[in-house]
Amino acid sequence: MPRDGFSRKYGKAELASSDASGLGGAASHHARDRVFCGDTILSMNAFWNFFQTLLGLSLQPKDLTFVQISLRGITVFLATLIMVRLGSKRSMAHRTPFDAILLVILASVLSRAINGSAPFLATIGGGAVLVALHRLFALLAFHSHSFGILVKGKPDVIVRDGQCDFRTMRRNHVSTHDLEEDMRLNAHLDEVAQVRLACLERSGEISFIQKKII
């Protein structure tokens, strides 16, 4: 009988000890997790503070140093290169005003990130949105000819079988001298009568098809 009482008491004490050690282990594990999370947050804050100081993100444009502006330029250059590579190749070809507009606005927006006249990260994000919008419009234009005409325009015939369409030329502000100049430069022709078809393309250039020589 005493032995049974002793075993029950010993069992209870052992259980209580194991519970206490389990709680202690869980508490210590939780404490280690909090310390690890705290160290990670501190490291991220330290990196962000270093990044801010390096690029002068909290400074006014007039307070930026040569080194900070140079580093901003390098960062914007790399970011723009990534944007262009992820975007459409045709945007670099100036094929239509639709493509040229992207380059003009993108250059204007991103230059503000370099000189500090606009928030640095927000400006780069805005540039990325413009590239994504251009790619989306190009995709829609590929699938819809009507949408393509809306955003890119359509070619106009200004010469057919050696005869000039002066009404179309007037509407597009193309003079006879402009036509003759492009004819000499692009088609190597000196007479309109030699042209079977001339079109003012969506890019603004004039393309020529020469009459067949029999």
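If you're wondering where the values come from, they're calculated on a predicted model, not measured in any experiment.
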Val159/Phe208 under side chain to side chain contact (heavy atoms under 4.5 Å, CB included): CA gap, chis, key distance, verdict:
CA-CA 9 Å; Val159 177; Phe208 298 90; 5.7 Å; no
Are the side chain of Asp178 and the backbone of Val174 linked by a donor-acceptor contact shorter than 3.5 Å?
no
Nearest 0.5 angstrom please: Phe147 CZ to Leu140 CG, how far?
5.0 Å
Answer yes or no: are there more than 12 heavy-atom neighbours, outside Lys154 itself, under 6.0 Å from its atom NZ?
no
Report the distance from atom CD1 of Ile114 to atom CD1 of Ile124, rounding to the nearest 0.5 Å.
9.0 Å
When rounded to the nearest 0.5 Å, the distance separating CG of Asn172 from CG of Asp165 is 9.5 Å
Can you find a pair of side-chain heavy atoms, one from Leu86 and one from Val131, that are under 4.5 Å apart?
no
Verify side chain to side chain contact (heavy atoms under 4.5 Å, CB included) between Ile101 and His134, making sure each step is shown before the conclusion.
CA-CA 10 Å; Ile101 286 173; His134 179 272; over 6 Å; no
Cys164 vs Val192 side-chain heavy atoms within contact, under 4.5 Å
yes
When rounded to the nearest 0.5 angstrom, what is the spacing between NE2 in His145 and NZ in Lys152?
10.5 Å
Which is it for Gln210 and Leu189 under the side chain to side chain contact (heavy atoms under 4.5 Å, CB included) test, yes or no, and what are the steps along the way?
CA-CA 8 Å; Gln210 186 179 3; Leu189 300 174; 3.5 Å; yes
Spacing of Gln68 atom CD and Arg72 atom CZ [to the nearest 0.5 Å]:
7.5 Å
Apply side chain to side chain contact (heavy atoms under 4.5 Å, CB included) to Asn115 and Ile69, showing your working.
CA-CA 7 Å; Asn115 60 34; Ile69 292 179; over 6 Å; no
I'd like to know if the side chain of Glu205 and the backbone of Asp182 have a donor-acceptor N/O pair within less than 3.5 Å.
no
Between Phe166 and Met183, is there a shared hydrophobic cluster once you connect ILVMFWY residues whose side-chain heavy atoms come closer than 4.5 Å?
yes
Do the side chains of Leu121 and Leu106 join up, straight or via other hydrophobic residues, at under 4.5 Å, putting them in one cluster?
yes
In the single-linkage hydrophobic clustering (I, L, V, M, F, W, Y; side-chain heavy atoms under 4.5 Å), do Leu197 and Val195 co-cluster?
no
Considering non-hydrogen atoms only, spot the tightest contact between Gly56 and Leu64 and give its length.
O-CD2, 3.5 Å
Classify the ring geometry of Phe98 against Phe137: parallel below 30°, tilted from 30° to 60°, perpendicular beyond 60°.
parallel
Have a look at Ile158 and tell me which of Arg170, Arg167, Met169 forms a side-chain contact (heavy atoms from CB on, under 4.5 Å) with it.
Met169
Find out if a path of hydrophobic residues (ILVMFWY) with successive side-chain heavy-atom gaps under 4.5 Å connects Val129 to Val109.
no
Would you say the side-chain atoms of Thr80 pair up with the backbone N or O of Val76, donor to acceptor, closer than 3.5 Å?
yes
Just by distance, do the side chain of Arg112 and the backbone of Ala118 share a donor-acceptor pair under 3.5 Å?
no
Consider only side-chain heavy atoms of I, L, V, M, F, W and Y, link residues closer than 4.5 Å, and tell whether Val84 and Leu139 are in one cluster.
no
Please confirm whether the backbone N or O of Ala141 pairs with a side-chain atom of Ser144, one donor and one acceptor, at under 3.5 Å?
no
Rounding to 0.5 Å, atoms CG (Leu103) and CG (Leu130) come to a distance of 11.0 Å
Gln163 side chain vs Arg160 backbone, donor-acceptor pair below 3.5 Å
no
